[in-house]
Amino acid sequence: MFNNRTKIKHLLQSEPTGNEVIVMGWVRTFRNNQFIALNDGSTNNNLQVVTELGLLDDATLKRITTGASLKVTGIIVASQGKGQTVELKATTLEVLGDSDAEKYPLQPKKHSLEFLREKAHLRFRTNTFGSVFRIRHSLAYAIHKFYNDKGFVYLHTPIITASDAEGAGEMFRVTTLPMDGTAPKNEDGSINYKEDFFGKSTNLTVSGQLEGELGAMAFSEIYTFGPTFRAENSNTTRHLAEFWMIEPEMAFSDIEDNMNLAEEFIRYLIKYVMEHNADDIDFLDQRLAEEEKSLPQDKRSEFGLKEKLEFVVNNPFERITYTEAIQILLDSPAYKKKKFQYEVKWGIDLQSEHERYLVEKHFKKPVIVTGYPAAIKAFYMRLNDNCEEGKQTVAAMDILAPGIGEIVGGSQREERYEKLVARMQEMHIPVEEMSWYLDTRRFGSVPHAGFGLGFERMVLFVTGMTNIRDVIAFARTPNNCEF
RNA sequence: UCCCGAAUAGCUCAGUUGGUUAGAGCAUCUGACUGUUAAUCAGAGGGUCACUGGUUCAAGUCCAGUUUCGGGAGCCA
């Protein structure tokens, strides 16, 4: 019975046909006892519902409050007012759900993002979060479309894993053993995980990459897209304890192919959203422009949101090696004026301030850095041949985005069995436990490469939002697991 | 985890060198108006000044600790 309704987005694009339609939605504001701004989440633009005098009794009028849900039957007519071309002249109106005006937290005014973060269950009903989450949806859809169209197989890698060799940070433990001290113990007093649900110690995944590689060794190209968990005590605007990650993995590919795919991928996603969510991008663009007005001159960004997205779509990313990056930093005015807090020399991991300088000051566009020192990168990355003495590098690549920092991290994988095993031993990775992984190098090993793209960081970049907690529905961060 | 900052009405914020009864706009409620666009006009209600302790004749204001939030750093996507 509810399916004969018309969506507001559709109605707003239609002519004043004089046809009778049914709409349902939530009241944003009620003006003049006569004009209802109704929203159903299909767009930020509200439908103006006009109730003529005498249509509704006083008791019903009082129930039309911000947040209340309505079913309205009416005629689509040309609007006499200025803010819209068509409006709905109501013939019948039913309040589906009341919303106590004294208790409903959202007002028809601008709220701070901090306040709305505490009301995450209701913030979808605001323009900003409406736009953000419609865009998030579009991005998720576009990701599947991109890889599907290229013939990649969507592989669901496990959420629960016994592998603790991924080396990507602290993990959340998964167990059914009691926490009150009565868990079975070994002779040395440590917990006996043989008695646990899986017969071993298990955790939530920090990456699907290693399993992804197994898939790539059969399907040639796979991608994963799922939740990832890191138990790091990170309190920043770009880290979550539970986040989503896309990890493509391609056989018969090297670091060049990897960079090409990542760059094409990012550009595709931006283009898709600019085409399919133009209204939402416009809204966020204006919102950001308003925000910027209240900032001091030197804190304002050079580009508006749309300008930034268009620029990224139309200009190739800068590609430099780690060694070149270090040289640029050493030659920079910032370095000479001792502006950097951290030391710059070959062998260091690039700090935020260094990445920001390269991306925001020097190149002013996304930058792909390749060829990092082996000592600061993971065991599975392919050792580059013919390196200078003492400067062994790996075929790693990080994509650094303005305002976000690292948005992609990837590499060509070490496909040579002996070199991989030697590297694992060097880095104290338990080789026996990883024999399933090493089997790919024993049986028909091929050059292959892949990367991880942080989904929420991508949403941040496309929406121009600045806090990662505002682009995921219910953020999980240290000390916060509400809703 | 470290550094910096903040916490006053439902929301956003003001509150002077410590000194009467802590204010404004918006929201809410009551009434008026009825082609409005975050409607407008008039009136009303609304406060554990985050918490705990201290200094003082006197603390929203000063000090210490705690909690929470924000920004930055590290870890990373």
Side-chain angles (χ1 to χ4, degrees), chain A residues 28-37 45-54 61-62 65-67 77-84 87 89 99-119 126-127 166-170 206-209 225 227-247 262 294 299 340-342 349-356 376-378 398-401 404-410 451-461 466-472 477-480 482:
Chain A
R28 285 287 176 86
T29 79
F30 185 30
R31 290 183 290 267
N32 222 349
N33 260 359
Q34 202 181 160
F35 302 99
I36 303 163
N45 301 313
N46 302 320
L47 175 70
Q48 172 152 287
V49 174
V50 185
T51 62
E52 294 201 318
L53 291 174
L61 281 174
K62 284 207 186 308
T65 55
T66 303
V77 297
S79 178
Q80 296 171 40
K82 283 196 179 128
Q84 56 283 314
E87 62 191 19
K89 193 175 152 189
S99 172
D100 186 336
E102 278 190 89
K103 290 174 184 153
Y104 188 63
L106 303 182
Q107 301 159 16
K109 64 173 251 186
K110 192 167 157 44
H111 287 291
S112 68
L113 295 174
E114 291 82 5
F115 172 70
L116 292 171
R117 232 167 266 157
E118 290 172 16
K119 310 277 177 232
T126 65
N127 286 335
E166 286 153 355
E170 293 296 308
V206 292
S207 163
Q209 181 202 315
F225 182 12
T228 308
F229 307 87
R230 306 261 169 101
E232 296 288 349
N233 191 9
S234 298
N235 294 287
T236 78
T237 53
R238 53 190 188 285
H239 289 87
L240 292 164
E242 175 185 295
F243 64 99
W244 288 63
M245 186 155 66
I246 300 99
E247 294 178 291
S294 62
K299 293 263 170 127
F340 293 131
Q341 196 188 331
Y342 288 86
D349 207 351
L350 295 179
Q351 303 293 320
S352 277
E353 57 178 0
H354 305 140
E355 296 181 349
R356 288 195 112 90
I376 57 170
K377 288 291 184 181
D398 283 357
I399 301 186
L400 311 176
I404 313 279
E406 187 178 339
I407 194 165
V408 162
F451 62 83
L453 175 120
F455 184 52
E456 282 76 18
R457 289 188 181 177
M458 189 66 203
V459 183
L460 274 183
F461 187 74
T466 52
N467 192 318
I468 203 161
R469 296 161 201 214
D470 294 331
V471 299
I472 188 165
T477 54
N479 219 10
N480 175 37
E482 290 300 304

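Per chain, numbering begins at 1; letters A, B, ... match sequence-line order.
- Contact of R457(A) with C76(B) (side chain to base): a donor-acceptor pair of N or O atoms is detected under 3.5 Å.
- Between R31(A) and A39(B) there is a side-chain N or O to OP1 or OP2 distance below 4.0 Å.
- For C62(B), the paired nucleotide is G54(B), the pair qualifying as Watson-Crick or G-U wobble because both relevant distances are below 3.5 Å.
- An OP1 or OP2 oxygen of G70(B) is reached within less than 4.0 angstrom by no side-chain nitrogen or oxygen of T237(A).
- If you check distances only, the side chain of N32(A) never reaches the base of U37(B) with a donor-acceptor pair under 3.5 Å.
- Taking only side-chain nitrogens and oxygens, S352(A) comes nearer than 4.0 Å to OP1 or OP2 of G74(B).
- Taking atom P in both A50(B) and A9(B), the straight-line distance is 8 Å, to the nearest Å.
- Formation of a donor-acceptor pair under 3.5 Å by the T29(A) side chain with backbone atoms of A37(A) is not found in this model.
- One can find a donor-acceptor pair under 3.5 Å joining the base of U36(B) and the side-chain atoms of Q48(A).
- Remark: the S234(A) side chain and the C75(B) base include a donor-acceptor N/O pair separated by less than 3.5 Å.
- U61(B) and G53(B): their P atoms are spaced 14 Å apart (whole Å).
- Across G23(B) and A44(B), the matching P atoms stand 14 Å from one another, rounded to whole Å.
- Using N1 to N3 plus N6-O4 or O6-N4 for Watson-Crick, or N1-O2 and O6-N3 for G-U wobble, each under 3.5 Å, U17(B) pairs with nothing.
- Rounded to a whole angstrom, the distance from the C1' atom of C62(B) to that of U17(B) is 12 Å.
- Donor-acceptor pairing under 3.5 Å, judged by distance alone, is absent between the side chain of Q351(A) and the base of G74(B).
- Where T65(A) and N480(A) meet RNA chain B, the nucleotide closest to each residue was compared, and T65(A) sits on the side nearer the 5' end.
- Of the two residues near RNA chain B, H239(A) and K82(A), the one whose nearest nucleotide lies more 5' is K82(A).
- Taking 4.0 angstrom as the limit, R238(A) places a side-chain polar atom (N or O) nearer than this to OP1 or OP2 of A73(B).
- Nucleotide U68(B) forms a Watson-Crick or G-U wobble pair with A6(B), both donor-acceptor distances falling under 3.5 Å.
- Counting only distance, with no hydrogens or angles, the side chain of Q34(A) and the backbone of V50(A) share no donor-acceptor pair below 3.5 Å.
- Across every non-hydrogen atom of Q84(A) and S79(A), the tightest pair is NE2-OG, 3.0 Å.
- Of the P atoms belonging to A64(B) and A73(B), the separation is 27 Å, rounded to the nearest Å.
- Between T29(A) and A38(B), a side-chain N or O to OP1/OP2 separation shorter than 4.0 Å is absent.
- Formation of a donor-acceptor pair under 3.5 Å by the E247(A) side chain with backbone atoms of G208(A) is found in this model.
- Taking side-chain N and O atoms only, R469(A) has a distance below 4.0 Å to OP1 or OP2 of G70(B).
- Relative to the side chain of Q34(A), the nucleotides U34(B), A77(B), G74(B) differ in distance, and U34(B) lies closest.
- In terms of modelled atom types and a separation under 3.5 Å, the side chain of R117(A) and the main chain of D470(A) share no donor-acceptor contact.
- Residues R238(A) and S352(A) approach most closely at NH2-OG, 3.7 Å, considering heavy atoms.
- Judged by Watson-Crick or G-U wobble contacts below 3.5 Å, the nucleotide A44(B) has U28(B) as its partner.
- A donor-acceptor contact under 3.5 angstrom links the side-chain atoms of E87(A) to the base of G35(B).
- Atom P of C63(B) sits at a distance of 24 Å from the matching atom of C69(B), rounded to the whole Å.
- When heavy atoms are screened at a 4.0 angstrom cut-off, Q107(A) is found touching base atoms of the nucleic acid.
- Using C1' as the reference atom, U40(B) and G35(B) are 13 Å apart when rounded to the nearest Å.
- Between G70(B) and R117(A), a contact under 4.0 Å exists linking OP1 or OP2 to a side-chain N or O.
- Note on Q80(A): a base of the nucleic acid sits closer than 4.0 angstrom, heavy atoms only.
- Between N479(A) and U68(B) there is a side-chain N or O to OP1 or OP2 distance below 4.0 Å.
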